[in-house]
Amino acid sequence: MRIITLNLNGIRSARKKGLYEWLYQQSADVICVQELKAQENDLEHPDLQLQGYDNYFHCADKKGYSGVGIFTKIKPHQVVKGLGFELADCEGRYVAINLGKLWVVSIYFPSGTSGEERQAAKYHFLDQYTHHLNNYSINNDNVIVCGDFNIAHREIDLKNWRGNRKNSGFLPEERAWMDKLFDEMGYIDAFRAINQEKDQYTWWSNRGQAWAKNVGWRIDYQVITPSLKPTIRSALIYKNERFSDHAPLIMDYDIIL
């Protein structure tokens with residue numbers, strides 16, 4: 001089972017850069033996307049449909065902002081849009097599909113880079129989402145959470161970690177939440193479960209030749225429940241083409257539904 005996650009930085013922009021042609025070549029079972037920057041009626045346009053896939057989107061109230069989606073070859077038993085609190089629901093930050101034995105989530109965590117108010121909103125989102133993750137554990141559900149978490153977990157996960165210790169995305173409180181996610185709650189960073197190499201990044205600033213110099217951050221994840229760890233087969237951050245300021249994270253699992 002192949003699952004891809006990618007922050008698009010605008011679905012129409014990514015399509016113009018060849019995203020859809022590339023996706024057809026990947027034969028992924030499920031594709032999770034974030035930062036659509038589009039509304040539901042925009043996404044009904046034939047150019048934005050992915051042939052052979054059903055699609056489910058959760059869009060922000062504000063036009064040209066946020067939004068998440070899932071393209072799936074496997075018909076879901078259930079689709080959930082939103083998390084039941086205003087920040088997630090009005091900003092289009094969560095959609096999940098139930099494939100029977102497995103939930104797959106596309107999620108877009110807020111960024112706190114624009115100031116203290118948004119950083120406070122980010123912490124609120126983390127607190128609220130923790131309750132949701134606990135419910136999966138209580139129900140013994142198998143879950144793959146795909147998305148842009150807007151947090152680099154450890155020093156290995158960003159190039160200039162020393163200079164970013166006071167910046168949103170690498171703040172101690174954010175990293176502590178990730179510690180709790182993996183150490184206390186038992187979730188698994190699927191990429192790191194099989195790849196411990198340095199210089200593995202999924203996002204690069206548009207400033208200062210960050211892409212060319214590989215001065216990046218690993219902030220895009222596939223986070224899985226412990227029961228799925230033995231099923232991980234491969235992980236790849238695709239960098240041969242650029243569809244966005246993020247790179248696709250491609251993971252293969254031995255999962256039979």
Side-chain angles (χ1 to χ4, degrees), residues 1-7 28-34 68 70 72 74 80 83 93-109 125-158 161 169-170 173-203 216-238 246-257:
M1 186 173 189
R2 172 162 289 187
I3 298 182
I4 296 175
T5 187
L6 171 63
N7 178 308
D29 298 285
V30 181
I31 301 159
C32 296
V33 290
Q34 303 86 41
V68 294
I70 297 178
T72 176
I74 308 160
V80 176
L83 286 166
R93 295 190 176 274
Y94 183 90
V95 61
I97 58 172
N98 182 345
L99 301 179
K101 297 179 181 178
L102 177 71
W103 282 92
V104 181
V105 173
S106 182
I107 191 167
Y108 182 29
F109 286 40
F125 187 97
L126 296 179
D127 288 342
Q128 292 295 312
Y129 191 50
T130 300
H131 301 310
H132 200 79
L133 288 167
N134 280 328
N135 288 336
Y136 284 131
S137 299
I138 292 168
N139 296 330
N140 292 316
D141 290 324
N142 294 314
V143 186
I144 301 177
V145 180
C146 300
D148 177 358
F149 282 45
N150 267 310
I151 303 170
H153 183 207
R154 297 203 166 116
E155 293 167 5
I156 193 176
D157 295 321
L158 71 168
W161 64 267
F170 199 60
E173 297 88 346
E174 296 170 331
R175 297 174 64 201
W177 185 85
M178 297 292 274
D179 287 339
K180 179 180 179 181
L181 177 66
F182 299 131
D183 298 340
E184 294 181 28
M185 299 176 69
Y187 283 86
I188 306 292
D189 180 345
F191 178 83
R192 280 292 180 222
I194 59 170
N195 187 325
Q196 297 296 324
E197 296 176 18
K198 296 180 180 179
D199 302 323
Q200 304 294 302
Y201 309 126
T202 62
W203 174 79
W217 297 55
R218 191 178 71 92
I219 57 176
D220 301 271
Y221 296 83
Q222 294 194 27
V223 171
I224 63 176
T225 40
S227 56
L228 295 176
K229 186 177 181 181
T231 72
I232 302 170
R233 286 295 167 263
S234 66
L236 173 69
I237 297 170
Y238 179 77
H246 294 248
L249 171 59
I250 309 165
M251 297 207 58
D252 292 335
Y253 303 88
D254 273 344
I255 298 173
I256 299 173
L257 298 174

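Below, each value reflects all heavy atoms present in this structure, side chains not excepted, and no hydrogens, waters or symmetry copies.
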Is any side-chain heavy atom of [Y] closer than 4.5 Å to one of [X]?
{"X": "I107", "Y": "F149", "result": "yes"}
{"X": "I255", "Y": "D29", "result": "no"}
{"X": "Y136", "Y": "V105", "result": "yes"}
{"X": "Q34", "Y": "H246", "result": "no"}

Backbone of [Y] reached by a side-chain donor or acceptor of [X] within 3.5 Å:
{"X": "D141", "Y": "V143", "result": "no"}
{"X": "R233", "Y": "Y253", "result": "no"}
{"X": "Q128", "Y": "L83", "result": "no"}
{"X": "Y221", "Y": "I151", "result": "yes"}
{"X": "N139", "Y": "N135", "result": "yes"}
{"X": "T5", "Y": "L249", "result": "no"}
{"X": "T202", "Y": "I219", "result": "yes"}

Using the ring of F109 (Phe, Tyr or Trp, six-membered ring only), decide whether R93 places NZ or CZ under 6.0 Å from its centre and within 45 degrees of its axis. no
Parallel, tilted or perpendicular: which fits the ring planes of F170 and W217, with parallel below 30° and perpendicular above 60°? perpendicular
Could you pull out the closest heavy-atom pair between Y94 and A96, with the gap in Å? OH-CB, 3.5 Å
Determine the minimum heavy-atom distance between S227 and N142, stating which atoms define it. OG-OD1, 2.5 Å
I'd like to know if the side chain of D127 pairs up with that of Y129 as donor and acceptor (distance under 3.5 Å, no hydrogens or angles considered). no
Side-chain donor-acceptor pair under 3.5 Å between T130 and W177, yes or no? yes
Would you mind checking if D252 and R2 are paired as a salt bridge, meaning a charged N to carboxylate O distance below 4.0 Å? yes
Run the ring-centre check on H153 versus F182 and record whether the distance is less than 6.0 Å. yes
Can you tell me if R154 has over 12 outside heavy atoms packed within less than 6.0 Å of its CZ? no
Is it the case that more than 12 heavy atoms not belonging to I256 sit under 6.0 Å from its CD1 atom? no
